[in-house]
There are 2 protein chains.
Amino acid sequence: MMYFSAQSNARDVKPAKSAATFNALKRDIMLGVLPAGASLTELDLAAYFSCSQGTVREALLQLQEEGLVRRQGHRGTQVSECTEAEAVEMFRVRQQVECSGILRALQMPSRTLIADLKTLFEKMLGAAAAGDELELASLDRDFHRRLFQDAQLPALDPILHRCLVHNHRFKISRSTSPRDLVATAQRHASIIDAVEAGDVGRSCDALRHHIATIVDLGPDVFPDVRQ
Amino acid sequence: MMYFSAQSNARDVKPAKSAATFNALKRDIMLGVLPAGASLTELDLAAYFSCSQGTVREALLQLQEEGLVRRQGHRGTQVSECTEAEAVEMFRVRQQVECSGILRALQMPSRTLIADLKTLFEKMLGAAAAGDELELASLDRDFHRRLFQDAQLPALDPILHRCLVHNHRFKISRSTSPRDLVATAQRHASIIDAVEAGDVGRSCDALRHHIATIVDLGPDVFPDVRQ
DNA sequence: CGTCCGATTATTGATATTGATATCGATAAC
DNA sequence: GTTATCGATATCAATATCAATAATCGGACG
């Protein structure tokens with residue numbers, strides 16, 4: 001007999017019901033099950049997810065914060081578009097923000113940085129081996145945000161997160177066939193190596209190259225990177 | 001006798017009650033009345049603004065989306081910090097995003113762009129003359145976002161808005177004395193001139209210089225701009 | 001046949017109430 | 001004296017209900 005809750009996973013301190021709605025919608029939008037432009041009404045979602053309108057609204061507000069939906073008062077909520085032009089600009093923002101971040105992070109990295117990155121790297125390899133592209137993207141966000149966390153620029157984190165979500169959505173929308181997810185995960189190794197070595201220049205270069213080569217956007221987007 | 005509502009101000013098409021709470025809190029945070037780190041509890045705010053907890057929550061979620069507060073489940077809501085390092089990085093993001101934006105905008109500007117910018121410019125001069133630094137900042141956001149609107153990159157707009165809000169908050173926090181607001185407003189004239197002339201290169205340069213010289217952050221932040 | 005006005009409906013906005021969770025201090029056991 | 005447990009309080013989360021608003025459709029009128 002068990003007198004204690006089996007679900008006391010220390011991870012995921014957010015067992016909220018709105019989170020379940022949020023995650024389900026996010027998944028469907030990221031995978032294209034809900035196409036851009038699709039209308040979402042609060043009461044329909046509430047009925048579908050067996051929760052109240054307020055809970056749905058909270059989930060929709062979070063989705064809006066990640067740029068996945070667009071809410072207009074009294075005119076409904078629509079799934080946002082995901083264009084290449086926007087993806088390009090977000091990749092550029094990422095390059096700028098993440099490279100500035102790694103410069104700051106390496107000046108005083110937290111003691112667990114390397115270990116945390118390696119743990120996430122292992123999980124990414126696992127997700128890639130399992131063919132779970134969505135989980136791989138989520139772990140990739142965790143990886144880049146963990147690295148940026150040591151930059152001590154918390155106000156920039158939501159911006160970075162937004163770019164990461166849009167980039168992943170764009171990448172998944174472009175993946176016609178089962179890509180080589182393992183190679184995608186493996187691409188983080190050089191970043192970890194450079195950070196572990198404490199080499200600021202090499203870390204910045206590795207990160208810059210990593211971001212520039214996530215998807216092939218043509219030679220004009222990142223002129224300084226030869227792919 | 002009045003047969004029509006006197007409050008039918010065409011402006012502010014969002015007469016929502018949560019907006020009033022949002023605006024009041026935003027004002028107090030921007031002006032430093034609510035200092036960084038201050039705790040905000042939903043029920044206290046609901047009592048103060050004579051509305052319900054849900055309404056307050058909606059306002060707080062909007063504030064979080066603008067980066068003015070930080071919400072932690074069951075641990076309250078705190079006013080966020082506003083550091084110089086973050087402001088610097090956000091200025092850099094702005095330079096990147098707005099300059100890319102103006103390049104796209106000038107390829108197919110909407111017919112009302114120039115007129116809209118000039119209208120906002122006049123309003124900025126008015127707010128500056130009235131000494132209303134907060135209104136001037138709000139109009140400055142409208143100006144830059146109107147310009148960016150023609151870039152057709154809607155997913156980037158929330159990022160730009162967030163940077164603008166943080167930059168304005170930082171600038172106001174730094175303004176010890178009544179600054180020369182008129183000069184600040186006047187600084188937008190050269191951008192309008194270049195855009196009206198349709199000169200892409202000059203527009204981009206004007207915008208880049210404008211952003212780099214909003215506040216004096218030292219020579220290392222924007223090395224390519226001689227102030 | 002087209003246009004304007006009004007009722008209908010769909011949708012979000014607001015409120016009050018109840019429930020869940022975390023934090024902190026007091027108390028008792030060791 | 002230290003630690004562990006329990007309970008009180010503060011706070012957020014969720015639900016149900018009602019109100020306000022905007023889009024839509026159809027008929028009357030010109």
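Below, read A as the first sequence line, B as the second, and so on, with proteins coming before strands; counting in each chain starts at 1. Scope of the values below: all heavy atoms of this structure, side chains included, with no hydrogens, waters or symmetry mates.
- Within residues 38-46 of chain A, the residues having any heavy atom closer than 4.0 Å to DNA chain C are, in order of number, Leu40(A), Thr41(A), Glu42(A), Leu43(A).
- Phe49(A) places its CZ atom 13 Å from the P atom of dT15(D), with the value rounded to the nearest Å.
- Applying the side-chain hydrogen bond (donor to acceptor under 3.5 Å, both in side chains) test to Arg104(A) and every residue at least two apart in sequence or in another chain returns nothing.
- With respect to Arg162(B) and Glu65(B), no salt bridge is recorded, no charged nitrogen being found less than 4.0 Å from a carboxylate O.
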Side chains of residues 25-35 of chain A: which donor-acceptor pairs under 3.5 Å do they make with residues two or more places apart or in other chains?
unit_1: Lys26(A); atom_1: NZ; unit_2: Glu66(A); atom_2: OE1; d: 3.0

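- Remark: Glu84(A) engages Arg174(A) in a side-chain hydrogen bond (donor to acceptor under 3.5 Å, both in side chains) (not counting sequence neighbours).
- For the 3.5 Å distance criterion, the side chains of Glu58(B) and Thr55(B) fail to qualify, holding no donor opposite an acceptor.
- Atom CZ of Arg57(A) is separated from atom P of dA13(D) by 15 Å (rounded to the nearest Å).
- A salt bridge is defined here as a Lys NZ or Arg NE, NH1 or NH2 lying under 4.0 Å from an Asp or Glu carboxylate O, and Arg70(A) with Glu81(A) fails to meet this definition.
- Look at CD on Gln62(A): it is 13 Å from C1' on dC12(D), rounded to the nearest Å.
- Qualifying side-chain hydrogen bond (donor to acceptor under 3.5 Å, both in side chains) partners for Asp132(B), counting only residues two or more places apart in sequence or in other chains: none.
- A salt bridge links Lys118(B) with Glu196(B); the closest basic N to acidic carboxylate O contact falls under 4.0 Å.
- Residue-to-nucleotide contacts include no donor-acceptor pair under 3.5 Å from the side chain of Arg75(A) to the base of dA23(D).
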Hey, what are the protein-to-nucleotides 15-20 of chain C N/O distances that come in under 3.5 Å?
unit_1: dT15(C); atom_1: OP1; unit_2: Lys17(B); atom_2: NZ; d: 3.3
unit_1: dT15(C); atom_1: OP2; unit_2: Ser52(B); atom_2: N; d: 3.2
unit_1: dT15(C); atom_1: OP2; unit_2: Thr55(B); atom_2: OG1; d: 2.8

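- Leu60(B) places its CG atom 12 Å from the C1' atom of dT11(D), with the value rounded to the nearest Å.
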